[in-house]
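To keep things clear, I will list the structure first and then write my remarks on it.
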Amino acid sequence: MGETLKTIRERRSVKSYKPDMVPEEIVQKIVEAGTWAPSGMGRQSAIIVAVTNKELRDRLSRMNAEIMGTSIDPFYGAPVVLIVLADKRVPTHVYDGSLVMANLMLAAQDQGIGSCWIHRAKEEFESAEGKELLKSLGIEGDYEGIGHCILGYPEGEPRKEAERKASYVYYAR
Ligand SMILES: Cc1cc2nc3c(=O)[nH]c(=O)nc-3n(C[C@H](O)[C@H](O)[C@H](O)COP(=O)(O)O)c2cc1C
């Protein structure tokens, strides 16, 4: 199997992490892979906010948990959160941002780092607190939250993969 196919095949969502921080140069490599995702008309509508600051990471966790209606950590202890948002003015922004998310998760797998898509970014950045947070980071514009790609070192055994459903692919030859 080629390396890319192996990476795609072996990536699994990691739902338990060690507290150890991912080295900055690895975070940067993963983030850069995100920036190389294709986008509708090449408009690069997405942005990535790479959060390694523990205080901010914990604040995002609290905001996300509140949307879910729980008090558990929706980031499973992962020390890094890459928030993907995309410019609402661009018609393909949700697709663009989703492809960035896929690149991030695959690049993490390539680098031996665990990852998982954590949802509710849309609701998070529709809130007054979310908007204020972006503003405080100097991010201007009307962005929709697409997802959080959490990163870290997996704790314990990988989750068992689900079999692919029988009706996934239809060939029209
Ligand atoms: C759009 C999307 C939203 C997701 N949201 C969450 C989430 O909020 N919390 C979570 O634990 N996993 C989330 N996941 C991860 C899925 O649970 C995971 O991809 C699925 O169980 C399949 O496992 P695999 O990625 O290991 O193949 C999300 C995945 C996608 C694609």
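Sequential numbering from 1 along the given sequence is applied to the chain's residues. Every value quoted in this text rests on a predicted model; they were computed, and no experiment measured them. Side chains are part of it too, since the values below use all heavy atoms of this structure and drop only hydrogens, waters and symmetry mates. First listed ligand is number 1; within each ligand, the first listed atom is number 1.
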Open item on the list: When you compare the side chains of Q28 and E32, does any donor N or O come within less than 3.5 Å of an acceptor on the partner?
Closed with: no
Open item on the list: Students should be able to answer this: which protein heavy-atom is nearest to atom 19 (O) of ligand 1, and at what distance?
Closed with: S13 OG, 3.1 Å
TODO: Measure the distances from the heavy atoms of M105 to every atom of ligand 1 and state whether one is below 4.0 angstrom.
DONE: no
- [ ] Specify the protein heavy atom at minimum distance from atom 17 (O) of ligand 1: its residue, its atom name, and the distance to 0.1 Å.
- [x] K15 NZ, 2.9 Å
Task: Proximal ligand 1 atoms for C116, defined as those under 4.0 Å from one of its heavy atoms - done: 12 (N), 15 (C)
TODO: Looking only at protein heavy atoms, identify the closest one to atom 8 (O) of ligand 1 and say how far it is in Å.
DONE: H119 N, 3.0 Å
Task: Lys/Arg N to Asp/Glu carboxylate O, R9 vs E161, below 4.0 Å - done: yes
Open item on the list: Please determine whether any non-hydrogen atom of E161 lies less than 4.0 Å from an atom of ligand 1.
Closed with: no
TODO: Check ligand 1 against R120 and write out every atom of the ligand that is under 4.0 Å from a heavy-atom position of the residue.
DONE: 8 (O)
TODO: Answer yes when R59 and E129 have at least one side-chain N-carboxylate O distance shorter than 4.0 Å, and no when they do not.
DONE: yes
Task: Nearest-option assignment for atom 3 (C) of ligand 1, heavy atoms, candidates Y76, W117, F75 - done: W117
TODO: Give a yes or no on whether a salt bridge exists between R120 and E124, defined as a side-chain N under 4.0 angstrom from a carboxylate O.
DONE: no
Open item on the list: I'd like to know if K122 and E126 make a salt bridge, using a cut-off of under 4.0 Å between side-chain N and carboxylate O.
Closed with: yes
Task: Sub-4.0 Å protein heavy atom near atom 10 (C) of ligand 1 - done: yes
Open item on the list: Can you name the atoms of ligand 1, numbered from 1 with element, that are less than 4.0 Å from a heavy atom of R12?
Closed with: 24 (P), 26 (O), 27 (O)
Open item on the list: Looking at D20 and K18, is any side-chain nitrogen of the basic one under 4.0 Å from a carboxylate oxygen of the acidic one?
Closed with: no
Open item on the list: Side chains of I30 and Q111, heavy atoms from C-beta outward: is any pair under 4.5 Å?
Closed with: yes
Open item on the list: Out of all atoms in ligand 1, which are within 4.0 Å of some heavy atom of R159? Include the element for each.
Closed with: 21 (O), 23 (O), 26 (O)
Open item on the list: Tell me whether D96 contacts the main-chain N or O of Q44 through its side chain, where contact means a donor paired with an acceptor under 3.5 Å.
Closed with: no
